[in-house]
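Note on naming: letters A, B, ... go to the chains in the order of the sequence lines (proteins, then strands), and numbering restarts at 1 for each one. Nothing here was measured: the structure is a model prediction, and the numbers come from that model.
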Protein chains: 2
Amino acid sequence: MTVAAALTKNQSLVLDTLAASQTPLSAYAILDALRPEGLRAPLQVYRALEKLQERGLVHRIESLNAFVACGHPHCQETEMIAFAICERCGTVDEFAEEKVVEGLSLWAERHAFTIQKAAIEIRGICSDCSRPAA
Amino acid sequence: MTVAAALTKNQSLVLDTLAASQTPLSAYAILDALRPEGLRAPLQVYRALEKLQERGLVHRIESLNAFVACGHPHCQETEMIAFAICERCGTVDEFAEEKVVEGLSLWAERHAFTIQKAAIEIRGICSDCSRPAA
DNA sequence: GATTGTAATGTAATACTATTACATATGATC
DNA sequence: GATCATATGTAATAGTATTACATTACAATC
């Protein structure tokens, strides 16, 4: 039985930074946050992000060119995660909706399209932000 | 009754370039294609793209940072268009799948999230490319 | 313990994508 | 023809991502 290798130093730094953030961070924002830790070049961040994404610990938000720590317990299961992005407060909600997955799979089947990955991102105003101010 | 204004020169150039392409084009690819026509700066392309997107004549593919001419007859109707992107040949198929829209709307309703727009992009191998070579 | 192979790291340079700021032109309307 | 909104042109800069190359760390094997 193979055990998942431990995260390396840079990978841990990047993941911790993302996990501590309420909103998605760009690679350069992560870099800036980690300069005190000794990181100096974009590539150090991009490389860590790549590995973290492979493990499903981090997701890239395509419409923002930014990254979030995975919010799901077990993301590996379905490769079709969706994100709800609030335009006001910037928070991102990660979710898996069976009907969406079914719909996309259905289309793919009908058109003999082999899905490798998906980006499903809705943008709008979250419940907190649409509530009248206290 | 207001009539939609005609496209401007730059808008027409950009739209024609996209319509003539089999695959999505980046803003800079469009610019390069239109240098002979006199375009010189990225902004000229971005401005045209912005107007064309407002009219639903062009879509942005978020996961590619690129643009396509609208393939649908009447895109305006549903704001939830999906794209199937072939990793091999680069072609993009535009489609609206009721079930996907329902699924996302459902989640949004349950979470009091007001959807303003969506990016739904699946990537994989299209039917043409998965057929065995002749 | 030296050797070898692999993954991770460090650094610099560069490529690609997008926006801000400011100046000018064009066309419709009054 | 003065005014207003829209479209254009140009330059500079900001933001995102990759290529290329050199080095280091570490585990497996000899």
Which nucleotide in C:dT11, D:dG9, D:dT10 has an atom nearest any side-chain atom of B:L39: D:dG9

Contact under 4.0 Å: A:R40 side-chain N or O vs C:dT11 OP1/OP2: yes

Expected output: side-chain A:Q11 to main-chain A:T8 donor-acceptor under 3.5 Å: yes

Verify same cluster id: A:M80, B:I125 (apolar side-chain graph, 4.5 Å): no

Atom-pair distance (CG on A:L7; C1' on C:dA7), nearest Å: 14 Å

Presence of A:N65 side-chain N/O under 4.0 Å of D:dA17 phosphate oxygens OP1/OP2: yes

Side-chain N or O of A:S26 closer than 4.0 Å to phosphate OP1/OP2 of D:dT16: yes

Rounded distance (nearest 0.5 Å) linking atom NZ of B:K99 with atom OG of A:S105: 9.5 Å

Under 4.0 angstrom between A:K51 side-chain N/O and C:dA8 OP1 or OP2: yes

A:Q44 side-chain N/O to C:dT9 phosphate OP1/OP2 under 4.0 Å: no

B:E62 with A:R123: basic N within carboxylate O range, under 4.0 Å: no

Value in whole Å for how far the P atom of D:dT8 lies from OH of B:Y46: 17 Å

Interatomic distance, B:L52 CG vs D:dA7 P [rounded to whole Å]: 11 Å

Nucleotide nearest A:A41 (side chain, heavy atoms from C-beta), chosen from C:dT20, D:dA17, C:dT11: C:dT11

Gap between atoms CG and P, on A:L31 and C:dT11 respectively (whole Å): 12 Å

Closest-nucleotide ordering on DNA chain D, the 5'-leading residue of B:N10 and B:P42: B:N10

Interatomic distance where CG belongs to B:L64 and C1' belongs to C:dC16 [whole Å]: 14 Å

Rounded distance in Å - CG (A:L49) to C1' (D:dT16): 12 Å

Contact summary for B:L39 and B:V45, nearest pair of heavy atoms: CD1-CG2, 4.1 Å

Nearest-angstrom distance from the residue atom CD of A:Q53 to P of D:dA17: 10 Å

Phosphate-side-chain proximity, B:T8 and D:dT6, N/O vs OP1/OP2 below 4.0 Å: no

Distance-only donor-acceptor test (3.5 Å): side chain A:Y28, base D:dA14: no

For atom CG of B:D32 and atom C1' of C:dC16, their distance in whole Å: 11 Å

Touch class at under 4.0 angstrom, heavy-atom based, for A:R47 against every strand present: base

